[in-house]
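Remarks on the structure that follows.
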Amino acid sequence: MINIEYKYDPTINEKIDLLKKRISENHSKITNKNGLGSEFLGWLDLPKYYKDSSEFNEIIKAGDQIKKDSQVLVVIGIGGSYLGAKAGYEMFKNPFKTNGVEVIFAGHQLSSKYLNNLTEYLMTKDFSINVISKSGTTTEPAISFRILKNLLEEKYKDKAYQRIYATTDEKKGALHNLSIENKYKTFVVPDNIGGRFSVLTAVGLLPLYVGGININDVLDGALEALNDFSTDDVYKNPAYYYAVIRYLLYKSGKKVEILANYEPEMAYFSEWWKQLFGESEGKDLQGLFVSSVNFTTDLHSMGQYIQEGERILFETVIKVKDHSSDLLIPKVENDIDELNYLAGKKLSYINNTALEATLIAHEDGQVPNIKINLDEISHKSFGYLVYFFELSCAMSAYLLNVNPFNQPGVEAYKKKMFNLLGKKGY
């Protein structure tokens, strides 16, 4: 379903061969779960069993109930508690249709304007809430939940609790306790899976299912990836091959990795990818700065810097081979826009030609490119791609000798904010 192309450096295999021992050692740390942060490797085997779990069946039941009684599901979360689900939802929703339940994401910022507009919108809708928080005290989602829960209670009175679904810690925490007290339907944020790796748990699967995505296919794709990437042979494991190339580029002096896609439906997948790698590797004064662009749109803005700015970056490009729908360029009698030379050609062909031309131009401008060839955009390939990047990220971070699964730096701004807001203990 995925293969990697990297042609910029003809000596790349020689450099990779020098790392084979470390790759094998890191593979052992991952698979045997005895490396840095190994207590958070629960995502590694998840595709093997999750479809057969009682929680998976409960996700289906809860999702069906939401579809039955709600026009809107508001997903309240921040970071890994919403980015994965948002990535999948945006990848498959038709931007010009409103069939089924609308999924809206809140609690990921502190904008009063946004929350005001959202509450006004929900006043005329039947809605449910899926609040996602391990602790229940993270500022952004906790504030949104307090406000939207109040709206829900005003609207549905003593039946409001039936429309609240909490995805939280199994045994402790403010949200867990509130859920028990108020009889909310609950799902578990696993102790052994960190937020940005939790897409394939209830954290991501409940919103995805309500949004019309076949979560059976998503998990089937992840399981296929797990089986495909089980070897420590870097030349037979695209997840490791990608991780090692980006590591070598970093060690050669590149400081920025740009994820480029040529399909607008992939834009939010890039946002999840940025969190995955940025939060996993940016430690101990190490790590690539990860960014993203949406081509061909951004070729008319950031394209200039990529082509001729500082040579500190490289690109990872996702190329989709198969397109489920296409358009032919029509021929017109008066060729005033001078496009008749494209008449009869598919729009996907022109888009792919732009991709290949851009690769050539950027590599001529000394911007290395890693190309990820993806067979198709489907529910199954979404699960496959998620697992691919999760495993790549684990290997990549271990090559840097950093813990991929913690995020100590995230706490710094929180402490300063709590101090300025006057919270006790800060």
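Not one N or O on the side chain of Glu5 forms a donor-acceptor pair closer than 3.5 Å with the backbone of Ile370. Checked by atom type and distance alone, the side chain of Gln71 pairs as donor or acceptor with a backbone atom of Asp126 at under 3.5 Å.
Remark: Lys67 is positioned above the aromatic ring of Tyr209, its terminal NZ or CZ atom under 6.0 angstrom from the ring centre and at most 45 degrees off the axis. In this structure, Lys86 is positioned above the aromatic face of Tyr268, its NZ or CZ under 6.0 Å from the six-membered ring centre and within 45° of the axis. For the pair Lys185 and Phe187, the cation-pi test (distance below 6.0 Å, angle within 45°) is passed.
Once rounded to the nearest 0.5 Å, the distance linking NZ of Lys51 with OG of Ser53 reads 11.0 Å. The line from CG of Asn130 to OH of Tyr82 is 14.5 Å long, rounded to the nearest 0.5 Å. Summarising the geometry, atom OH belonging to Tyr6 is positioned 13.5 Å from atom CD1 belonging to Ile372; distances are rounded to the nearest 0.5 Å.
If you check the side chains of Glu257 and Tyr250, you find no donor sitting under 3.5 Å from an acceptor.
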* Asked: Could you go step by step and tell me if Asp64 and Lys61 meet the salt bridge (Lys or Arg N to Asp or Glu O under 4.0 Å) rule?
  -> CA-CA 5 Å; Asp64 286 341; Lys61 284 173 61 177; over 6 Å; no
* To do: Step by step, work out the side-chain hydrogen bond (donor to acceptor under 3.5 Å, both in side chains) result for Thr316 and Arg246.
  => CA-CA 9 Å; Thr316 294; Arg246 66 192 302 277; 5.9 Å; no
* To do: Evaluate the side-chain hydrogen bond (donor to acceptor under 3.5 Å, both in side chains) criterion for residues Gln304 and Glu308: first the C-alpha distance (whole Å), next the side-chain angles of each, then the deciding distance (0.1 Å), finally the verdict.
  => CA-CA 6 Å; Gln304 174 59 43; Glu308 296 185 344; 2.9 Å; yes
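The aromatic rings of Trp43 and Phe197 lie parallel to each other, with less than 30° between the two planes, well short of the 60° mark.
A salt bridge links Asp45 with Lys33: the closest approach of a Lys/Arg side-chain nitrogen to an acidic carboxylate oxygen falls below 4.0 angstrom. Classification of Glu25 and Arg22 as a salt-bridged pair fails, no side-chain N sitting under 4.0 Å from a carboxylate O. Between Glu90 and Lys93, at least one side-chain N (NZ, or NE/NH1/NH2) sits under 4.0 Å from a carboxylate O, which counts as a salt bridge. Taking a cutoff of 4.0 Å between a charged side-chain nitrogen and a carboxylate oxygen, Asp375 and Lys321 qualify as a salt bridge. A salt bridge is defined here as a Lys NZ or Arg NE, NH1 or NH2 lying under 4.0 Å from an Asp or Glu carboxylate O, and Lys371 with Glu356 meets this definition. Here Lys283 does not pair with Glu281 in a salt bridge; the nearest charged N to carboxylate O distance is not below 4.0 Å. Using a cutoff of 4.0 Å between basic side-chain nitrogens and carboxylate oxygens, Lys20 and Asp17 are scored as salt-bridged.
In this structure, Tyr349 places its OH atom where only 12 or fewer heavy-atom neighbours from other residues, nucleotides or ligands lie under 6.0 Å away. In Gln366, the CD atom is not crowded: 12 or fewer heavy atoms of neighbouring residues, nucleotides or ligands sit closer than 6.0 Å.
With His379 as reference, Phe92 is the one residue of Tyr89, Tyr384, Phe92 to meet the ring-ring contact (aromatic ring centres under 6.0 Å, His included) rule.
For Lys345, there are no salt bridge (Lys or Arg N to Asp or Glu O under 4.0 Å) partners at least two apart in sequence or on another chain.
You'll find the ring centres of Tyr161 and Tyr184 outside the 6.0 Å limit. A centroid separation of less than 6.0 Å is found between the aromatic rings of Tyr242 and Phe389.
The shortest distance between side-chain heavy atoms of Lys134 and Asp191 falls below 4.5 Å.
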